[in-house]
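Below is one structure, written out as structure tokens; the observations come after it.
For ligands, and for the atoms within them, numbers begin at 1 and follow the listed sequence. It should be emphasised that the depicted structure is a prediction, and the values quoted were computed from it without experimental measurement.
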Amino acid sequence: MPAFKEFTKENVARLDPYVPGFQPDPNDHVLKLNANENAYGPSPRVLEALRSHINGDLRLYPNSKAIDLRLKVAEVYGVKKDQVICANGSDEIISMIFRTFVPDGEVVQFTYPTYTYYKTQADIYDVPYRYLETGDDFLVDMDAYLENPTHLSFVSNPNSPTGTLLSAASIEDCLKKYPGLLVVDEAYIDFGGAKESAIPLIDKYPNLLVLRTFSKSFALCGMRVGYAFGQSHLIAALDKTKDSYNIAHLNQIAAIAALDDYEYMLSSARKIAEDREWFASELAKIGFTLLPSLGNYVFVKHPKMEAETIYQNLLERRILVRFFSQRRVSEYIRISIGTHDEMERVLAAIKELLA
Ligand code: PMP
């Protein structure tokens, strides 16, 4: 046998890969509240559209630029068609941003804590990153981005896993002075934060990209479609580095149908936001500390029981929530908001285990 050299790139060999929320066997009937999936499911129109497109046309490649979907997104959000790009989940757009916009030697910054996939992508592309540590209240401070401005920055609004929301005004104040590219990830903004969206700012700021996803408010995690808004020079650059046929045909169909039933999305997001407020107030009554969340989840801790113990105890009752083992966030659990009945069940289980 010849001696094989090490094939894996050094930074990949060192890489801590992204850890998705655990995916239990559906036959185990676990109440899955660990990945911010939407319990209401997609609009019935999405299912109809998918059924009517399951035919022999699947032999053809999908539209490589998802043109019809881009046109639909542009129409619904009131932007020009060259200000939109779509991809295989907003995760893919995060990856595209690294390969399109970060030259060697540049640094990226994002808050701690935040969505861990930014760090994963930085590691994959071997881009050094800097954390902007949040204070005890976990609130994001946009001024921190200006202290040592880098070529690229991410901010999740609302943030994950905390759910805290920044105002559009504070994002704009930062953009006025920030010399790099600022990516505002609005994966969860439909659950009560929409008026703080940065989308209306794209015409004014050439260094702004806004990310959205069909996974959460449109309940299409399984279809993997994300989209982004920005000035045409940014979108054109991203178009050059995207994978050739990055969104499967049926996924494009599903996303268009979801936008056709925007009202359905709004009403499911509204129900989730109402139940989040109710659930949060019930948890507060029994002594939980909560951060003010505008996502479809709450991030909570209890003075009498460690977060990991709550997580384990709920799992024994077939309720799966998210526990993060990293520093600071390990004091908390993140619970996705399901239907009202599901949250009643979670509340009863929590009360039982604290009794
Ligand atoms: N941004 C944030 C803040 C998220 O929590 C997620 C989902 N885990 C994503 C982006 C990615 O969403 P998707 O790839 O499903 O569009």
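With sequence neighbours left out, the side chain to side chain donor-acceptor pair (under 3.5 Å) criterion links Ser268 to Asn38. When the side chain to side chain donor-acceptor pair (under 3.5 Å) test is applied to Ser170, the partners found at least two apart in sequence or on another chain are Ser167.
If you look at ligand 1, the protein residues with a non-hydrogen atom under 4.0 Å away are Gly89, Ser90, Asp91, Tyr115, Ser156, Asp185, Ala187, Tyr188, Thr213, Ser215, Lys216, Arg224.
For the pair Arg334 and Phe299, the cation-pi test (distance below 6.0 Å, angle within 45°) is failed. Because its NZ or CZ atom is not both nearer than 6.0 Å to the ring centre of Tyr297 and within 45° of the ring axis, Arg322 does not count as a cation-pi partner of that residue.
The closest donor-acceptor contact from the side chain of Asp28 to the backbone of Val30 lies at 3.5 Å or more, if one exists at all.
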Just list the side-chain donor-acceptor pairs under 3.5 Å for residues 12-20, sequence neighbours left out, or say none.
none

